[in-house]
Amino acid sequence: MKTLRRAMALIAVSFTLGGMVEPLTAPTTTAEAKATKVWIAPNHGKKYHYDKHCRGLNHAGKLKHVTLKWAKHTHYKLCGWEK
């Protein structure tokens, strides 16, 4: 009888905590998947940058924040410093 109660308690606790444990673990994603927005310098070439402070943007006077999809569609390529 005692083992039956222990087993029932263990099952109840596992079902109760099972729903709480899942949201606490975050799925891992790659850096490229996270960055849906990229930086471009519209007056300086056809490269896009994930990091606003990339050294490829040192001499850019004006920066623009665009989507990665738009940048690729308009023939922008990834910056050589970020490959």
Side-chain angles (χ1 to χ4, degrees):
M1 189 67 148
K2 201 174 196 180
T3 39
L4 183 60
R5 268 193 244 163
R6 239 186 232 169
M8 294 297 281
L10 181 62
I11 291 171
V13 168
S14 65
F15 280 120
T16 306
L17 293 178
M20 294 173 57
V21 174
E22 282 185 43
L24 296 177
T25 58
T28 57
T29 57
T30 61
E32 188 172 342
K34 284 183 183 178
T36 56
K37 293 275 192 161
V38 293
W39 293 95
I40 62 168
N43 301 331
H44 295 279
K46 289 289 216 174
K47 301 288 183 176
Y48 66 86
H49 310 263
Y50 290 113
D51 185 16
K52 183 178 181 180
H53 304 289
C54 174
R55 67 189 276 186
L57 292 170
N58 280 349
H59 298 292
K62 178 182 170 188
L63 296 179
K64 190 173 179 183
H65 211 198
V66 298
T67 63
L68 179 61
K69 184 178 179 179
W70 182 90
K72 286 184 175 182
H73 179 73
T74 52
H75 307 290
Y76 277 81
K77 304 290 182 202
L78 179 60
C79 168
W81 295 109
E82 297 188 41
K83 285 187 178 181

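Excluded from the calculations below are hydrogen atoms, water molecules and symmetry mates; all remaining heavy atoms, backbone and side chain alike, are included.
- For the pair W39/H65, a side-chain contact is recorded, criterion being any heavy-atom separation below 4.5 Å from C-beta on.
- Counting only heavy atoms from C-beta outward, the side chains of Y50 and L78 approach each other to under 4.5 Å.
- Within 6.0 Å of CH2 in W81 there are 12 or fewer heavy atoms belonging to other residues, nucleotides or ligands.
- Residue-environment remark: NZ (K64) stays at or below the threshold of 12 foreign heavy atoms within 6.0 Å.
- Shortest non-hydrogen contact noted between H44 and A60 is CD2-CA, 3.7 Å.
- When all heavy atoms of C79 and G56 are compared, the closest pair comes out as SG-CA, 4.4 Å.
- Under a hydrophobic clustering in which Ile, Leu, Val, Met, Phe, Trp and Tyr are joined whenever their side-chain heavy atoms come within less than 4.5 Å, directly or via other members, L57 and V38 fall into different clusters.
- No donor-acceptor pair under 3.5 Å is formed between the side chain of K47 and the backbone N or O of A41.
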Worked verdict on T36 versus T67 for side chain to side chain contact (heavy atoms under 4.5 Å, CB included): CA-CA 6 Å; T36 56; T67 63; over 6 Å; no
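- Here the closest non-hydrogen pair linking Y76 and P42 is OH-CA, 4.1 Å.
- Linking ILVMFWY residues whenever their side-chain heavy atoms come closer than 4.5 Å, directly or via other members, places L68 and W70 in the same cluster.
- Note that the NZ atom of K72 and the OH atom of Y48 stand 4.5 Å from one another [nearest 0.5 Å].
- No donor-acceptor pair closer than 3.5 Å links the side chain of E82 to the backbone N or O of C54.
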